[in-house]
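Atoms considered below: every heavy atom in the structure, side chains included; atoms not considered: hydrogens, waters and symmetry mates. Quick note on labels: first sequence line is chain A, next is B, and so on, each numbered from 1.
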Amino acid sequence: MQFWLMKSEPTVYSLADLERDGRTAWEGVRNYQARNFMRDSMQPGDLVLFYHSNAEPSGAAGIARVACRAYPDHAAFDEKSGYYDQRSSPEKPLWFMIDVEFVAHFASVIALETIKGDPALEGIMVARRGMRLSIQPLSEEHFRHICKLGGVAVG
DNA sequence: GCCAACGTTGGC
DNA sequence: GCCAACGTTGGC
């Protein structure tokens, strides 16, 4: 079992949206490193910190869970989609996605500022300056610590 | 294969 | 809205 952080702009898709939907396809990832994490490493049952970026405040909003193995991102095949990529086809898909399902909201958002200032979270990738990767691996210790800050018991 | 130009991300 | 960081593209 691995732990992940996944970013989403709440004005585009928030944790509250995921709670309403129950489960959603994480379409539109167009970065090779993030794609490789989804395609090669993410397993059903892995836990995810749902991170709100470009938000007030930006930070970890709650928890989601990986719901299935990676499969081709069909938004890349759809010419009308903003995520369309002509290099990807159903025969030879370039981009992949997973489904995530809602688990829990934190009592309040754990702000990036809080994460950066917490010695227990030293070295966490999201706190690194200029870190733009939208899917990041996370140590179990860091994951559990943030859940504790958020008032949610996991496992 | 180098690297400058360009586009995007995302905190602030 | 600004701009630093950094990924991608494309000319050579």
Non-hydrogen atoms of A:A64 and A:L18 that approach each other most closely: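 Minimum heavy-atom separation between A:A64 and A:L18: CB-CD2, 3.8 Å.
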A:N54 vs A:R132, nearer the 5' end of DNA chain C by closest nucleotide: A:N54
Range on DNA chain B touched by chain A - first to last nucleotide, heavy-atom distance under 4.0 Å: B:dG7 to B:dC12
Sugar-phosphate, base or nothing in reach of A:R35, heavy atoms under 4.0 Å: nothing
Polar contact flag, side-chain donor to acceptor under 3.5 angstrom, A:Y71-A:D99: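 Yes, side-chain donor-acceptor contact under 3.5 Å.
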Test ring pair (Phe, Tyr, Trp, His ring centres under 6.0 Å) applied to A:F37 and A:W4, A:Y32, A:F96, the passing residue: A:W4
Heavy atoms of other groups near A:E9 CD, more than 12 under 6.0 Å: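 Counting other residues, nucleotides and ligands, CD of A:E9 exceeds 12 neighbours.
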Validation row: A:M42, A:I135 side chains within 4.5 angstrom (heavy atoms):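 Yes, at least one pair of side-chain atoms sits under 4.5 Å.
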